Undergrad: 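First the structure, which I've put down as structure tokens, then a few questions once you've had a look.
What you see is a predicted model; the values in this text were computed from it and never measured. For the single chain, residues carry numbers from 1 onward in sequence order.
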Amino acid sequence: MNVVANVYRGEKIESSHLGHIAVVNSEGKLLYSYGDPYRLTYARSSMKPLQAIPIIETGTADRYQLEPADLSLCCASHSGEPRHRTRAMWMLERAGQPEEVLQCGTHVPRDEESYKQLIREGKSLTPIYSNCSGKHSGMIATATHMGEDVATYHLPEHPVQQRILDVVEDLTGYPKEKIYMGTDGCGVPVHELPLANYAWAFAKLAKPEVISNPERQQAVIRVTDGMTSHPEMVGGNNRYCTDLMTAFQGRIVGKAGAESVYCLGDRQTGLGVAVKIEDGGPRAINLVVNEVLRQLGIGIDGPLNNLAEYTNPAITNMSGNVVGRIEAAFTLIAKDESLRA
């Protein structure tokens, strides 16, 4: 079994999490893996940095004067904090669109105080509170700029989604005719690809000079610079994405996805990493990512120390007493395989 983490109660293993890991360089070579690096996987929100690239390439970002923090929010699974909602609304207003055009649905925001404030005021949740409202605002702005139907921007056949599909094909190195598209939790298409190809895409995000198209190269730089200079927009308070990029001070660009996916790129080495926890539960993913970085020798000189709370999280009981822990339980295996067709 491909056990990546064990859950201890006392000194006994109570549960285990299976998983898959791929580490790929910017040239498309699989260097390390664990489990099945080619597991077909929906990357979910880990693909948001790729989904944001057409916002720049179409000229939308320049027309509506989107700032680096706005581009970061377009890549976010944010907590619904006031700074997130304000910026998402600002993007819609720049495009001349109302909040009602958002097709991301509603859910209780992770930021509890924002939700409590709504209750105190007797108001209802609206789509701007959705963790995906930044991404959707960017899509809406793009459709508006391009003169396309805004009401259907979320559908697979819409030009907004077709441009994204082209980007996904290009940066992952995986032909789009083989990409199966499902529907994400927020209503837009989600792409299914081998895990290693996601790692390759993030290696290119980390080392954009390998991208032959100069316009795409510059778009990638703007997106990743936005994320790393404004990591607070990608997640929020006490969120791993935000804390990871803050700890690495611009070196790492990383994004979580639902069902326990994580993708990151190391801008110093040009490596891309993709991780999938088989059961989809969230409790093991962050510590597994930290352990991958440790085994690769990335951040062991300090940044990982700042992420210690995610490394071996404690298991507590109802009284708050520590009764166990979660530990990583894998060793990366060296590989030498090309992803190029």
Undergrad: Is there a side-chain contact between Ile56 and Val220, using heavy atoms and a 4.5 Å cut-off?
TA: no

Undergrad: Evaluate the criterion salt bridge (Lys or Arg N to Asp or Glu O under 4.0 Å) for residue pair Asp62 and Arg222; output intermediate values, then yes/no.
TA: CA-CA 11 Å; Asp62 289 339; Arg222 287 179 66 178; 3.2 Å; yes

Undergrad: Is there a donor-acceptor contact under 3.5 Å from the side chain of His20 to the main chain of Asp36?
TA: yes

Undergrad: So is Arg325 actually on top of Tyr8's ring, under 6.0 Å and inside 45° of the axis?
TA: yes

Undergrad: Where do Val190 and Thr183 land on the side-chain contact (heavy atoms from CB on, under 4.5 Å) test, with the steps shown first?
TA: CA-CA 5 Å; Val190 60; Thr183 304; 5.7 Å; no

Undergrad: Counting only heavy atoms from other residues, nucleotides and ligands, does the tally under 6.0 Å from CD of Gln249 exceed 12?
TA: no

Undergrad: So do Val288 and Ile277 actually touch side chain to side chain, heavy atoms under 4.5 Å?
TA: yes

Undergrad: Taking only Lys NZ, Arg NE, NH1 and NH2, and the carboxylate oxygens of Asp or Glu, determine whether Glu57 and Arg163 approach each other closer than 4.0 Å.
TA: no

Undergrad: With rounding to the nearest 0.5 angstrom, report the OG to CD distance, Ser45 to Glu259.
TA: 11.0 Å

Undergrad: Has the side chain of Glu169 got a donor or acceptor atom that lies under 3.5 Å from a matching backbone atom of Pro175?
TA: no

Undergrad: Whether Lys29 and Glu337 form a salt bridge (side-chain N of Lys/Arg under 4.0 Å from carboxylate O of Asp/Glu) is what I want to check.
TA: no

Undergrad: Atom NZ in Lys204, atom CG in Asn25: separation rounded to 0.5 Å?
TA: 11.0 Å

Undergrad: Is there a side-chain contact (heavy atoms from CB on, under 4.5 Å) between Leu73 and Trp90? Walk through the geometry before answering.
TA: CA-CA 11 Å; Leu73 190 70; Trp90 184 86; over 6 Å; no

Undergrad: Does the side-chain hydrogen bond (donor to acceptor under 3.5 Å, both in side chains) test come out yes or no for Thr246 and Asp243, once each step is laid out?
TA: CA-CA 5 Å; Thr246 299; Asp243 293 345; 5.3 Å; no

Undergrad: For the side chain of Thr144 and the backbone of Ile140, is there at least one donor-acceptor N/O pair under 3.5 Å apart?
TA: yes

Undergrad: With a 4.5 Å limit on heavy-atom distance, are the side chains of Val108 and Tyr129 in contact?
TA: no

Undergrad: Got Glu278 and Asn2 here, is their nearest side-chain heavy-atom distance under 4.5 Å?
TA: no

Undergrad: With the side chain counted from C-beta on, respond yes when Val160 and His154 share a heavy-atom pair under 4.5 Å apart, and no when they do not.
TA: no

Undergrad: Tell me if a side-chain donor or acceptor on Tyr198 pairs with a main-chain N or O of Thr41 at a distance below 3.5 Å.
TA: yes

Undergrad: For the residue pair Tyr34 and Phe330, categorise the inter-ring angle as parallel (less than 30°), tilted (30 to 60°) or perpendicular (more than 60°).
TA: tilted

Undergrad: Within the 3.5 Å criterion, strictly below it, is a donor on Ser260 or Lys276 matched to an acceptor on the partner's side chain?
TA: no

Undergrad: Measuring from Met245:CE to Ser229:OG, what's the distance to the nearest 0.5 Å?
TA: 9.5 Å

Undergrad: Report yes or no: does Asn317 contribute a side-chain atom to a donor-acceptor pair with the main-chain N or O of Asn321 at less than 3.5 Å?
TA: yes

Undergrad: Strictly under 6.0 Å, is that where the ring centroids of Tyr180 and His191 end up?
TA: no

Undergrad: Is the closest side-chain heavy-atom distance between Val289 and Tyr240 below 4.5 Å?
TA: yes

Undergrad: Can you tell me how far NZ of Lys255 sits from OG of Ser46, rounded to the nearest 0.5 angstrom?
TA: 6.0 Å

Undergrad: Between Ile164 and Val167, does a side-chain contact (heavy atoms from CB on, under 4.5 Å) hold up when you go through it step by step?
TA: CA-CA 5 Å; Ile164 289 170; Val167 171; 5.6 Å; no

Undergrad: Identify whether the distance between the nearest side-chain nitrogen and carboxylate oxygen of Arg83 and Asp111 falls below 4.0 Å.
TA: no

Undergrad: Could you give the distance from OG1 (Thr172) to CG (Leu50), rounded to the nearest 0.5 Å?
TA: 7.5 Å

Undergrad: Charged N to carboxylate O under 4.0 angstrom, Glu27 versus Arg340?
TA: yes

Undergrad: I want to check something: taking the side chain as every heavy atom from C-beta on, are Leu92 and Ile128 in contact at a cut-off of under 4.5 Å?
TA: yes

Undergrad: Out of Arg85, His78, Arg87, His84, which residue meets the side chain to side chain donor-acceptor pair (under 3.5 Å) rule with Ser133?
TA: His78

Undergrad: Which value, rounded to the nearest 0.5 Å, describes the distance between Met91 atom CE and His136 atom NE2?
TA: 11.5 Å

Undergrad: Among Glu112, Arg239, Glu232, whose side chain to side chain donor-acceptor pair (under 3.5 Å) with Ser79 holds?
TA: Arg239

Undergrad: Just by modelled atom types, is the Ser26 backbone N or O under 3.5 Å from a matching donor or acceptor in the Trp200 side chain?
TA: yes

Undergrad: Whether Glu113 and Lys116 form a salt bridge (side-chain N of Lys/Arg under 4.0 Å from carboxylate O of Asp/Glu) is what I want to check.
TA: no

Undergrad: Is there a donor-acceptor pair under 3.5 Å between the side chain of Thr242 and the backbone N or O of Gly236?
TA: yes

Undergrad: Heavy atoms, side chains only, cut-off 4.5 Å: are Ile179 and Tyr174 in contact?
TA: yes

Undergrad: side-chain contact (heavy atoms from CB on, under 4.5 Å) for Glu81 and Arg110? Distances and angles first, verdict last.
TA: CA-CA 8 Å; Glu81 298 166 11; Arg110 187 180 290 250; over 6 Å; no

Undergrad: Examine distances only and state if a side-chain atom of Asp70 and a backbone atom of Glu67 form a donor-acceptor pair shorter than 3.5 Å.
TA: yes

Undergrad: Does His158 form a side-chain hydrogen bond (donor to acceptor under 3.5 Å, both in side chains) with Asp149? I'd like the steps, not just the answer.
TA: CA-CA 8 Å; His158 195 281; Asp149 181 45; 5.3 Å; no

